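Take a look at the structure below.
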2 protein chains.
Amino acid sequence: MALRHAVLAALLDEELSGYQLAKAFGTGVANFWHALPQQLYTELARLEREGFIAGREVVQDTRPNKRLFQVTDAGLAELERFTAAETKPCVIRDDLLVKVQAAEHVDTQALIAQLAERTAFATAKAELFEELLRSMRGERTEEEFLRHGARIGPYLTCMRGLEFERANRAWYERTTIILSERRASRGEQ
Amino acid sequence: MALRHAVLAALLDEELSGYQLAKAFGTGVANFWHALPQQLYTELARLEREGFIAGREVVQDTRPNKRLFQVTDAGLAELERFTAAETKPCVIRDDLLVKVQAAEHVDTQALIAQLAERTAFATAKAELFEELLRSMRGERTEEEFLRHGARIGPYLTCMRGLEFERANRAWYERTTIILSERRASRGEQ
DNA sequence: GCGGACATGTAAATTGTTACATGATTAG
DNA sequence: CTAATCATGTAACAATTTACATGTCCGC
């Protein structure tokens, strides 16, 4: 039941629509959780029904109308309760790691192509996060911002996301080289 | 549908029982995927029914009997097909990150305690992985092992797992310090 | 004798993904 | 005129987690 708390956490700093949330939870600005639009619209409806968020209709001329949501006092209390409760450790589940695990027993050509794709993806995401961090801290140094800056939560989770993507990229690149070389030396035999 | 492929990948190098798989997928030796015993027993039954793995009963004196499973030719072919197919990018979903995201709006005392727990957990896991990597490469240097060693797949995924836990630990420690200092300076006001 | 490790499952509930549905506006 | 972005949902299906169930052996 953490999706609802992720939504609450995302709505703390600003009112957002379902569509805006979907973008954040999909493309990865929200490093702390991932969800598809369908799940978010459903969860927003549930949260509103239960009084944890309140929505207001915003009429737009040029685009379809939208509903912006903000966290209620009950919602904040629920988030407080969640934060104090036990945390279950996070787990890795990655298709690509499964494939690399089997690398010695299968053809690695397609695998190497997929590693290249992921390298590009991780690089782009890392750049996005770097930019995001820069804009969050503004003129201040990181040190200074971490001490006294506002919105420290999003900054910290973004830092973790950046490190994650950097490590991904490094591993993808190294793995690509290793599998390619082994492939080549097998071919030469 | 990657659980089944994760199971196949885990069974490539050695025959394992459901119980042994459960330990590996639970405590994290299998960095590439996570699953609970219940899911594994169910999946093993399905895989056997579909002919992707074959089980054999091993009678034991001192312990309950067990069934060891190995991958069949059909299973290897299925894994080959999976490896060539499209990969969906991995996503982060972590309770603790959600909590840190909300750090500014909730009481951080419990959060800091949870970060300490996670630090200990990540440290232990990193040490486990280091030991595992050492035992896999034996006398060889890492460089040498990566070039020519057998069972390169498990080694590579373990490397990723180690880096992940090291990064976790570093971020947990840094976040603990930052939140603690901010908490202290709020208290002094 | 009690808790933990060994060993294997089923059933119910929750969560997450995929497919289906609709409709306006803007940029190329 | 076609694709992309904005905007919101429902329904069906698949995956994961939690709860229930059972029984032996070993060390303290």
Side-chain angles (χ1 to χ4, degrees), chain A residues 1-7 15-27 29-30 32-50 53 55-69 82 85-95 98, chain B residues 1-7 15-27 29-30 32-50 53 55-69 82 85-95 98:
Chain A
M1 272 236 296
L3 170 61
R4 53 180 14 195
H5 302 109
V7 170
E15 283 186 313
L16 292 170
S17 66
Y19 188 79
Q20 289 172 300
L21 274 172
K23 269 202 303 181
F25 279 78
T27 62
V29 180
F32 49 99
W33 205 263
H34 175 268
L36 297 169
Q38 293 82 347
Q39 225 183 329
L40 290 167
Y41 285 117
T42 307
E43 192 61 45
L44 284 169
R46 273 218 300 160
L47 281 166
E48 192 179 27
R49 211 166 48 234
E50 293 169 41
I53 59 174
R56 64 183 181 92
E57 184 94 13
V58 174
V59 180
Q60 297 182 119
D61 296 341
T62 160
R63 293 153 196 280
N65 296 346
K66 62 180 173 182
R67 303 196 65 214
L68 294 181
F69 295 92
F82 170 73
E86 230 180 283
T87 298
K88 39 192 137 172
C90 70
V91 293
I92 294 183
R93 279 200 186 111
D94 188 346
D95 275 14
V98 173
Chain B
M1 271 235 295
L3 170 62
R4 53 180 14 197
H5 302 109
V7 170
E15 283 186 313
L16 293 170
S17 68
Y19 187 80
Q20 287 172 301
L21 274 172
K23 269 202 304 183
F25 278 78
T27 62
V29 180
F32 48 100
W33 206 262
H34 176 267
L36 297 169
Q38 294 82 346
Q39 227 182 327
L40 290 167
Y41 284 117
T42 308
E43 193 60 46
L44 284 169
R46 273 218 301 158
L47 281 166
E48 192 179 27
R49 210 166 50 235
E50 293 169 40
I53 59 174
R56 63 182 182 92
E57 184 94 13
V58 174
V59 180
Q60 298 182 119
D61 296 341
T62 160
R63 294 154 195 278
N65 296 347
K66 63 180 173 182
R67 302 196 65 215
L68 295 182
F69 295 93
F82 171 73
E86 230 182 282
T87 298
K88 38 192 140 174
C90 71
V91 295
I92 295 182
R93 279 200 187 110
D94 189 345
D95 275 14
V98 173

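All chains are named by letter (A, B, ...) in the order of the sequence lines, taking the proteins before the strands, and each is independently numbered beginning at 1. Any value given below was found using the heavy atoms of this structure, including those in side chains, with hydrogens, waters and symmetry copies removed. Everything quoted here is computed from the prediction, not taken from an experiment.
- Comparing Val91(B) and Gln38(B) by the nucleotide of DNA chain C that holds the closest heavy atom to each, the one mapping nearer the 5' end is Gln38(B).
- The shortest distance between side-chain heavy atoms of His34(B) and Phe25(B) does not fall below 4.5 Å.
- One distance of note links CH2 of Trp33(B) with CD1 of Ile92(A); it measures 11.0 Å at 0.5 Å rounding.
- Closest heavy-atom contact between Leu3(B) and Ala35(B): CD1-CB, 3.8 Å.
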Residues 61-68 of chain B side chain polar contacts: donor-acceptor under 3.5 Å, at least two apart:
residue, atom, partner, partner atom, Å
Asn65(B), OD1, Gln60(B), N, 2.9
Arg67(B), NH1, Glu48(B), OE1, 3.1
Arg67(B), NH2, Glu48(B), OE2, 2.8

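- Contact between the side-chain N/O atoms of Lys23(A) and the OP1/OP2 oxygens of dT8(D) is not found at any separation under 4.0 Å.
- Minimum heavy-atom separation, Ala2(B) to Phe82(B): CB-CZ, 4.2 Å.
- End-to-end axis angle for the helix from dG1(C)-dC28(D) to dG28(C)-dC1(D), using five pairs per end and rounding to 10°, comes out at 40°.
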Any protein N or O atoms within reach of nucleotides 1-4 of chain D? Criterion: under 3.5 Å, listing atom names and distances.
none

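- Summarising the geometry of Gly18(A) relative to Leu44(A), their closest heavy-atom pair is CA-CD1, 3.5 Å, with the distance given to 0.1 Å.
- Minimum atom distance to the side chain of Leu3(B) is reached by dT16(D), of the listed dC6(D), dT16(D), dT10(D).
- If you take CD1 on Ile53(A) and CD on Glu15(A), they are separated by 11.0 Å, rounding to the nearest 0.5 Å.
- To the nearest angstrom, P of dA14(D) lies 18 Å from CZ of Arg93(A).
- Here the side chain of Tyr19(A) is nearest to one of dC6(D), dA19(D), dA15(D), namely dC6(D).
- Across the protein-nucleic acid pair, Gln20(A) atom CD and dT8(D) atom C1' stand 13 Å apart, rounded to whole Å.
- Distance CG (Leu40(B)) to P (dT18(D)): 15 Å, rounded to an integer number of Å.
- Atom NZ of Lys88(B) and atom P of dA14(D) are 12 Å apart (whole Å).
- Residue Arg46(A) is the one, among Leu36(A) and Arg46(A), whose nearest nucleotide of DNA chain C lies closer to the 5' end (criterion: closest heavy atom).
- More than 12 non-hydrogen atoms from other residues, nucleotides or ligands lie less than 6.0 angstrom from CD of Glu57(A).
- Contacts of Arg4(A) with the nucleic acid, taken as non-hydrogen atoms under 4.0 Å apart, are absent.
- If you measure from atom CD of Gln39(A) to atom P of dC13(D), you get 18 Å, rounded to the nearest angstrom.
- At the phosphate of dC6(D), neither OP1 nor OP2 sits under 4.0 Å from any side-chain N or O atom of Gln60(A).
- Of all nucleotides in DNA chain C having an atom under 4.0 Å from a heavy atom of chain A, the first and last in 5' to 3' order are dT15(C) to dT26(C).
- The CZ atom of Phe32(B) sits 12.0 Å away from the CG atom of Asp95(A) when rounded to the nearest 0.5 Å.
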Any protein N or O atoms within reach of nucleotides 25-28 of chain D? Criterion: under 3.5 Å, listing atom names and distances.
residue, atom, partner, partner atom, Å
dC25(D), O3', Thr62(B), O, 3.1
dC25(D), O3', Thr62(B), OG1, 3.3
dC26(D), OP1, Thr62(B), OG1, 2.5

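- The stretch residues 34-43 of chain A participates, sequence neighbours left out, in these salt bridge (Lys or Arg N to Asp or Glu O under 4.0 Å) pairs: Arg4(A)-Glu43(A), Glu43(A)-Arg46(A).
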